[in-house]
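Worth knowing before you read on, the calculation uses all heavy atoms, side chains too, and leaves out hydrogens, waters and symmetry mates.
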Amino acid sequence: QAGSILSDQNKKAAEGDKNTLERLHKIKEIGLRTKKVFEKGNIDEFGELLHEHWLTKRGLSDKVSDDFIDEAYDTARKHGALGGKVVGAGGGGFLLFYCPNDKSRLVAKMKELGLNPMWFSFEYEGAKIVFHS
């Protein structure tokens, strides 16, 4: 659950845990680099930053991921994704991947794992619902 992960992370940070503080600073730095990447339009570099963020975040807590998410992430990387992350977690959510090329290979492998694609695009006016079933 996201709440217990964040609570543990906040406790470690408040106690001055060196690993936690270094990783939190690294995540902030990745965020700043991501902004620059978007401003330059280098979206492939965004995929690489997603992967760097994933590796950094995973080191904060063993609760950030589980065996299934790890398998899906590793499979995605082997089948075209440059990087990814868990979005909207805490008992549910999505695995978001950036795959610049043959997405059909990635989608087929994710379906084999029981995951279904949900296509998205960047929105410059903020989040909005475009379909509701």
Side-chain angles (χ1 to χ4, degrees):
Q1 296 293 326
S4 67
I5 295 169
L6 292 174
S7 176
D8 184 49
Q9 177 181 299
N10 288 341
K11 180 182 176 214
K12 287 179 180 177
E15 293 171 350
D17 179 76
K18 185 178 178 180
N19 178 59
T20 299
L21 293 172
E22 285 176 359
R23 288 180 182 277
L24 291 173
H25 285 298
K26 175 94 173 173
I27 288 169
K28 177 183 175 183
E29 181 247 321
I30 291 169
L32 295 171
R33 287 172 40 211
T34 299
K35 180 180 184 280
K36 290 178 183 176
V37 162
F38 280 131
E39 289 171 346
K40 292 179 183 174
N42 187 350
I43 304 302
D44 285 355
E45 192 173 341
F46 166 64
E48 295 165 11
L49 289 171
L50 277 174
H51 182 60
E52 186 177 346
H53 178 272
W54 174 253
L55 295 175
T56 305
K57 183 85 172 175
R58 293 260 358 267
L60 283 171
S61 168
D62 60 358
K63 298 174 188 174
V64 168
S65 188
D66 60 28
D67 291 342
F68 179 75
I69 292 170
D70 289 343
E71 178 185 3
Y73 189 89
D74 292 343
T75 300
R77 291 264 302 158
K78 290 175 185 168
H79 292 88
L82 293 181
K85 67 179 284 151
V86 176
V87 180
F94 298 88
L95 283 168
L96 177 143
F97 296 112
Y98 174 73
C99 181
N101 298 311
D102 185 8
K103 292 167 188 52
S104 63
R105 288 180 46 224
L106 174 60
V107 169
K109 287 297 179 181
M110 292 299 103
K111 285 184 176 181
E112 286 177 18
L113 294 175
L115 300 174
N116 296 309
M118 179 178 241
W119 302 104
F120 74 94
S121 60
F122 293 107
E123 174 58 53
Y124 298 97
E125 297 176 16
K128 54 178 131 170
I129 296 173
V130 292
F131 176 78
H132 188 335
S133 59

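- Across all their heavy atoms, Gly84 and Trp54 have their closest contact at O-CB, 3.6 Å.
- Take Lys57 and apply the salt bridge (Lys or Arg N to Asp or Glu O under 4.0 Å) test, not counting sequence neighbours, and it matches no residue.
- Under 4.0 Å is where a charged nitrogen must lie from a carboxylate oxygen, and between Glu39 and Lys36 no such pair does.
- Lys103 meets the side chain to side chain donor-acceptor pair (under 3.5 Å) test with no other residue; sequence neighbours excluded.
- Under a cut-off of 6.0 angstrom, the local environment of CG in Asp67 is sparse, with at most 12 non-hydrogen atoms contributed by other residues, nucleotides or ligands.
- Scanning all heavy atoms of the two residues, the minimum distance from Cys99 to Gly80 falls at SG-O, 3.4 Å.
- When all heavy atoms of Thr56 and Ile30 are compared, the closest pair comes out as OG1-CD1, 4.0 Å.
- For His51 and Tyr73, the gap between ring centers is short of 6.0 Å.
- When side chains are defined from C-beta on, Leu95 counts as touching Ile69, because their heavy atoms get closer than 4.5 Å.
- Closest approach of Leu113 to Ala72, counting heavy atoms only: CD1-CA, 3.6 Å.
- In terms of hydrophobic clustering, with Ile, Leu, Val, Met, Phe, Trp and Tyr side chains grouped at heavy-atom distances under 4.5 Å, Leu55 and Leu24 are assigned to different clusters.
- Interatomic distance, Leu106 CG to Leu115 CG, rounded to the nearest 0.5 Å: 10.0 Å.
- The CD atom of Glu29 lies 8.5 Å from the CG atom of Leu49; values are rounded to the nearest 0.5 Å.
- The shortest non-hydrogen separation linking Leu50 to Gly83 is CB-C, 3.9 Å.
- Hydrophobic clustering of Ile, Leu, Val, Met, Phe, Trp and Tyr side chains at less than 4.5 Å, counting indirect connections, keeps Val87 apart from Ile27.
- Both Val86 and Met110 are assigned to one and the same hydrophobic cluster, defined by single-linkage of ILVMFWY side chains at heavy-atom distances under 4.5 Å.
- With respect to Glu52 and Lys26, a salt bridge is recorded, a charged nitrogen being found less than 4.0 Å from a carboxylate O.
- Distance check, rounded to the nearest 0.5 Å: CZ of Arg105 to NZ of Lys78 gives 12.0 Å.
- Of all heavy-atom pairs spanning Ser65 and Asp70, the tightest one is OG-OD1, 2.6 Å.
- A distance of 11.5 Å separates CD1 of Ile43 from CG of Leu82, quoted to the nearest 0.5 Å.
- Rounding to the nearest 0.5 Å places CG of Asp17 at 9.0 Å from CD of Glu22.
- Once rounded to the nearest 0.5 Å, the distance linking CZ of Arg23 with NZ of Lys12 reads 10.0 Å.
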